[in-house]
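Counting convention: from 1, in listed order, for ligands and their atoms alike. Reckoned from all heavy atoms, side chains included, excluding hydrogens, waters and symmetry mates.
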Amino acid sequence: MLPWFAKVPASLRPLIFPVIAAAALILVRVSVPFPPDIDLIRLGFWTAITLVAAALPVRMPGGVHATITTAPVLAALFDTGLANPFGVCWVAFIGTFEPRDLRGEPKWYGTLFNRADWVISSYAAWLVLLVTRSAVSGGEAPAMVLQIVAAGGVFAIVNNTLGLLANSLKNQTPISRVWALSVSNIVIGIISQVPLGWLMAEIATRVGPWAVILFMVPLLLARFSFSKYTETRQLFFGSVSALSQAIDAKDGFTRGHADRVSRIAGAIAREMGLAEKEVELVELAGLLHDIGKIGVEDRILMKPARLDDAETELMRRHPIYGASILKPAEALRPLVPLVMHHHENYDGSGYPEGLSGESIPLGSRIIIVADAYEAMTSDRVYRKAIGHERAMDQLNRYKSRQFDPKVVRALDSLLTSRGVAAFEASDLPQIEYETLAELRRRLAQEPLIRDAHAG
Ligand SMILES: [Fe+2]
C-alpha cells in the first residue's frame, strides 16, 4: 500500500477516493478539448469573488463548514458568457479554497475531497441546465424559474449530501445527527443563495461585473445568520453546562456525573431510534436532571452516612425543585417533565408522583437507567465502581420493577455492539474543573495570603 494512501482513515476511503476520481475525470472531460471561446477575465472575476466568499466559513456544531460560496459558484453556472461547463467547474475547483486549507487544517485528502465535492455538484447542476435547455428556449418565465430551482436544488443536494456523508464517516456520527446539528438549521440560508446566484449572473451580464460587488451585502447577511446560530447554540450549551457543573460542584462525590449521564442517556436515546431533536432534549435533561439538588440542604446532600427517613423525604424533593428551577426559562421548559420524573420507577414505586409504565416520559425512563448505570460504573467516595457486566446484571435484575425493560435492552445492545466508546459521541465539551468540595479542601490546606501589615 502506498504511504499517502495509508494516511487516509479506512472508514473514509470508500467515499473519498471515488469522489476525488470522479471530480478529476470531470475536470479532464470539461477541459479536453480546450474550449476556444474562453473569457479569461470573466473566469478570473468569478474565481476571485468565490475566493472572497470562501474566506468567510462558519464552523457549524456538526463539524460541517457553512460558507456563502454557493451563490458565486451558481452565478458562474448561470453566466452564459463563461464557456460552461469548463468555467463553472474550474471556478468551483479553485475558488472554493479556504484559508484553513492553506493552514493544513483539513488534511490534504479533506481539502481534495471538498474541492471534488464542489466540482461534482457544479457539474451535476450544469447537466440539469443542459437537459432542460430545450424546455426554456422560448424564454417563458415559469420554465426559467423551474430550471433555476432544479439546477440550484441538485447543486445543493449533491453538495451537502457529500459533505454530510464525509463528516458522518469522519466523526463516526449518524448522518441524521450531522444533518440535525448543521445543515438543517441553515437550509434556508443555503436555498436563498440559489436565486441570489442567478441574479448575480444576470447583473454581471446586463449591468457589469462591478455591480456584483453589491451582492456581497446579502451574502454577508446570510453568513451573519449562520454565525449567529452557532453563537446562540454555544451560549445556550455553555449556560446549561455551567448550571450542570454547579450541581456537580455542590455534590462533591460525583464530579462529572451529570456529564456522563447525559452522554449515556443520549446514546441510549439514539439506539432506541429517537429523532435527533429528541436525543438532544434527553442529553440536556441528563445534564440538568439533578439541578434540584441545589435546593437540598448541604447537611443532607453532603452527609457521608446513610440518610434517615426524614432526610430521605427531603432529598426526594429534588426533582420538584429541579422542575421549578427550569420552568421559568423558555428554552429549558421542554426539559421540565423529564427532570420532574427522573426518579419514577417503572412499576409505580418511585417519586415524586408514583407514575408507572408508559405514563412516565420516555426521556425520564432513559435518564433513570443512565443515572443508575453511571453511578454503578464510577468510583464514589464510599464504594468502588462495580464494572460494566455487574452493572448490567443489576439493571437486568431490576428491569420491569425500577427500569423500563426496553431502555435496559437498548443499553445492553449498545454496549454489546459498540462498547463504552458508544458514549463518546457528543458535542458537549469535556468537563475539567475542581468540585466545590475539592476547592474547600484545597483552600483549607493552602496557607492564606496575609496582609503584610497584619504581622
Ligand atoms: Fe436525581
Lys/Arg N to Asp/Glu carboxylate O, Asp259 vs Arg263, below 4.0 Å: yes
Charged tip of Arg115 within 45° of Phe97 ring normal and under 6.0 Å: yes
If only protein N, O or S atoms under 2.8 Å count, total around the Fe ion (ligand 1): 4
Intermediate values then yes/no, ring pair (Phe, Tyr, Trp, His ring centres under 6.0 Å), His289 and His257: CA-CA 11 Å; His289 70 283; His257 166 71; 5.5 Å; yes
Nearest non-hydrogen partners of Glu344 and Ile368, listed with the distance: O-CD1, 3.5 Å
side-chain hydrogen bond (donor to acceptor under 3.5 Å, both in side chains) partners for Asp298, two or more places apart: Lys250
Ring geometry between His343 and Tyr351 (parallel below 30°, tilted from 30 to 60°, perpendicular above 60°): parallel
